[in-house]
Amino acid sequence: MARERRSRKELIMAKMEALDEKITGYANKIAELTNQKEELQNELEIILDAEKKAEAEAQEKEMLKLIKAQKITVEELKQLLENR
């Protein structure tokens, strides 16, 4: 059996097609990784918002604890804040 020899042009075209397939594969992988990154970014934003809320709640509880310990009424607190 005689082996068919491909021309230089055919070899170059085959190599270009192989590279195009690789490029397409990498483009798909980049799109997939970009989606994963966006999902993680969204999760991070949710966590950061939850942390801010938890910190605000902790500060409010601490403030209430101090107000109760000092036996300050709401009216007294209003006056204190107005006189600042």
Side-chain angles (χ1 to χ4, degrees):
M1 265 180 124
R3 186 172 160 208
E4 261 187 57
R5 187 172 169 153
R6 297 194 306 184
S7 70
R8 179 95 172 122
K9 176 184 167 184
E10 290 172 330
L11 288 173
I12 291 173
M13 289 177 68
K15 285 181 181 180
M16 287 176 56
E17 286 177 23
L19 289 173
D20 283 341
E21 288 177 12
K22 281 186 176 182
I23 289 169
T24 301
Y26 289 141
N28 291 337
K29 186 64 176 176
I30 288 170
E32 180 184 327
L33 292 172
T34 301
N35 288 338
Q36 289 178 8
K37 181 181 176 184
E38 289 172 359
E39 290 172 4
L40 290 173
Q41 184 65 37
N42 290 337
E43 283 184 49
L44 180 60
E45 287 176 16
I46 291 169
I47 290 170
L48 292 174
D49 286 344
E51 286 178 352
K52 285 181 185 177
K53 287 179 184 178
E55 185 177 329
E57 287 178 11
Q59 288 178 350
E60 287 174 13
K61 287 180 182 179
E62 184 67 25
M63 188 173 24
L64 286 173
K65 189 188 282 186
L66 290 171
I67 291 169
K68 286 181 181 179
Q70 295 297 319
K71 297 181 182 176
I72 298 174
T73 65
V74 173
E75 292 301 319
E76 291 171 333
L77 182 59
K78 284 180 183 178
Q79 287 178 350
L80 286 171
L81 293 174
E82 287 174 358
N83 293 334
R84 285 183 85 196

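The analysis underlying the following values was restricted to heavy atoms, covering all of them including side chains, and did not include hydrogens, waters or symmetry mates.
- Looking at residues two or more places apart in sequence or on another chain, you find a side-chain contact (heavy atoms from CB on, under 4.5 Å) between L33 and K29, Q36.
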May I have the list of side-chain donor-acceptor pairs in residues 47-75 shorter than 3.5 Å, sequence neighbours left out?
from : atom 1 : to  : atom 2 : distance (Å)
T73  : OG1    : E76 : N      : 3.1
T73  : OG1    : E76 : OE1    : 3.4

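- Taking I46 as the reference, nothing meets the side-chain contact (heavy atoms from CB on, under 4.5 Å) condition, with sequence neighbours excluded.
- In this view, E21 satisfies the salt bridge (charged side-chain N to carboxylate O under 4.0 Å, His left out) rule with no residue, not counting sequence neighbours.
- Listed by chain and residue number, nothing satisfies the side-chain contact (heavy atoms from CB on, under 4.5 Å) test with E17 (two or more places apart in sequence, or in another chain).
- Checked against salt bridge (charged side-chain N to carboxylate O under 4.0 Å, His left out), K9 has no partners two or more places apart in sequence or in another chain.
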